[in-house]
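The next block holds one structure in the form of structure tokens; read it before the comments.
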Number of protein chains: 2
Amino acid sequence: MRADARKNREHLLAVAGAAISEQGVEVSLRDIARRADVGLATLLRHFPTREALLDALLRTGFDELTARAEELETSEAPGDALVAWLRDCVGWTTEYRGATVLMAAAIEDAESALHASCVTLRAAGARLLTRAQAAGVARGDLDGADLFALVAMLAWLGDQPSLTPRADHLFDVVATALLTDEGSG
Amino acid sequence: MRADARKNREHLLAVAGAAISEQGVEVSLRDIARRADVGLATLLRHFPTREALLDALLRTGFDELTARAEELETSEAPGDALVAWLRDCVGWTTEYRGATVLMAAAIEDAESALHASCVTLRAAGARLLTRAQAAGVARGDLDGADLFALVAMLAWLGDQPSLTPRADHLFDVVATALLTDEGSG
DNA sequence: ACCTGAACACCGTTCAAGT
DNA sequence: ACCTGAACACCGTTCAAGT
């Protein structure tokens with residue numbers, strides 16, 4: 001990549017990150033280009049879709065969450081590790097209002113730029129869940145896809161200003177339900 | 001209202017209902033007007049905002065759910081009544097993909113055309129919850145706003161095609177958590 | 001009273017023309 | 001290689017002009 005292109009790309013990512021944290025992931029791409037003093041077509045050239053732009057922005061977070069899952073797998077008790085990781089996932093998405101909907105769409109759309117990251121994240125969660133189930137501290141009738149859906153719906157609460165005040169409490173309610181051994185076996 | 005105006009209004013509601021059940025609540029208003037063989041400005045004259053249109057469409061369902069809550073309050077055991085009503089609420093929204101987001105926004109926006117209906121619905125749920133708590137069969141650390149948020153997040157799963165297969169199962173997980181007596185008192 | 005076409009300011013997509 | 005203005009087909013809003 002040419003030097004000016006790389007500079008544009010990095011500047012666009014910085015501006016997009018700021019714009020999204022202010023207005024959410026549905027912010028106008030034209031606005032981002034304007035704020036970056038770049039043509040809209042240039043933004044589209046670097047990131048052909050909104051998902052591609054979001055993927056570039058979220059990748060660091062995705063990688064950190066995956067690494068965090070691996071770390072928790074060895075350092076914490078199975079139940080605590082699972083809940084701690086879920087909390088990290090839900091908390092992380094608060095920086096990217098609206099991203100949950102795009103992630104939910106991406107998990108089953110192999111064409112989406114976000115697909116691979118979402119699948120990796122789901123797999124990391126599934127490993128923590130399986131470990132907790134093997135230890136007999138988590139419901140046995142859930143799998144990685146259920147866990148992904150649970151994280152998504154709890155994260156979604158953080159996207160809705162009117163529901164956000166309840167999000168922490170409802171997280172605990174759901175986490176408690178997860179750690180019951182009902183349905184196991 | 002003039003006869004032709006009433007006819008337009010009713011026809012628009014029928015067309016809008018069909019369009020929304022096909023494409024969700026974010027369907028283009030221009031499309032609805034086109035399909036109703038009416039000018040876009042006429043649609044906006046009858047329903048000045050998307051929320052106003054949606055409110056007219058959802059009002060029947062809102063009223064039925066409120067009546068259903070009152071009926072369940074006398075006919076069923078407190079815990080069963082609560083869960084049955086939650087199931088009805090979540091199931092009802094599947095006809096209106098995307099409505100959950102608008103309802104979540106409306107519950108705290110007194111200017112929204114949907115506000116009054118949402119508040120009424122929340123109050124109906126709160127009564128069922130209080131009754132179940134008094135009978136000692138529901139968690140005591142939840143209120144009507146928590147319940148509204150729980151319904152919203154479970155209904156939201158039905159809006160996301162990739163998560164919908166898990167919705168019924170996760171409803172049961174959450175319902176079980178609700179009926180635990182942990183946190184009561 | 002009620003309806004509507006047209007103008008408006010947006011949006012994301014595409015591409016020929018520039019450097 | 002990389003960038004961009006301009007044209008395109010959309011969107012919801014507004015309003016003067018029609019019946």
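Nothing here was measured: the structure is a model prediction, and the numbers come from that model. First the proteins, then the strands, lettered A, B, ... as listed; each starts at 1. Basis for what follows: all heavy atoms, side chains included, without hydrogens, waters or symmetry-related copies.
- Looking at B:His46 and B:Asn8, their side chains never bring a donor and an acceptor atom within 3.5 Å of each other.
- Contact between the side-chain N/O atoms of B:Asn8 and the OP1/OP2 oxygens of C:dC2 is not found at any separation under 4.0 Å.
- In this structure, the nucleotide among D:dT13, C:dT13, D:dG12 sitting nearest to the side chain of A:Leu40 is C:dT13.
- For D:dA1, the paired base is C:dT19 (Watson-Crick or G-U wobble, both distances below 3.5 Å).
- At the heavy-atom level, A:Ser28 lies under 4.0 Å from the strands shown only through sugar-phosphate atoms.
- A:Val38 is not listed as a side-chain neighbour of A:His11, based on a closest heavy-atom distance of 4.5 Å or more.
- When the side-chain nitrogen and oxygen atoms of B:Arg50 are compared with OP1 and OP2 of D:dG12, one or more of them lie within a distance under 4.0 Å.
- Within the nucleic acid shown, A:Ala5 comes within 4.0 Å of sugar-phosphate atoms alone, with no base atom in reach, counting heavy atoms only.
- Among C:dT14, C:dC2, D:dC15, the nucleotide with an atom closest to any side-chain atom of A:Leu44 is C:dT14.
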Exercise. Which is it for A:Cys118 and A:Phe148 under the side-chain contact (heavy atoms from CB on, under 4.5 Å) test, yes or no, and what are the steps along the way?
Worked result: CA-CA 9 Å; A:Cys118 289; A:Phe148 189 83; 4.3 Å; yes

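- When the side-chain nitrogen and oxygen atoms of B:His46 are compared with OP1 and OP2 of C:dC2, none of them lie within a distance under 4.0 Å.
- Along DNA chain D, the nucleotide nearest to A:Arg2 and the one nearest to B:Arg34 differ in position, and the one closer to the 5' end is contacted by A:Arg2.
- Each of C:dG12, C:dC3, C:dA1 was ranked by its minimum atom distance to the side chain of A:Arg30; first place goes to C:dG12.
- Nearest nucleotide to the side chain of B:Asp4, out of D:dG12, C:dC11, C:dC3: C:dC3.
- Using the Watson-Crick or G-U wobble rule with both distances under 3.5 Å, C:dA6 pairs with D:dT14.
- Residues B:His115 and B:Ile107 are not in side-chain contact: their nearest non-hydrogen atoms beyond the backbone lie 4.5 Å or more apart.
- The residue among A:Leu29 and A:Ala41 whose nearest nucleotide of DNA chain C is located toward the 5' end is A:Leu29.
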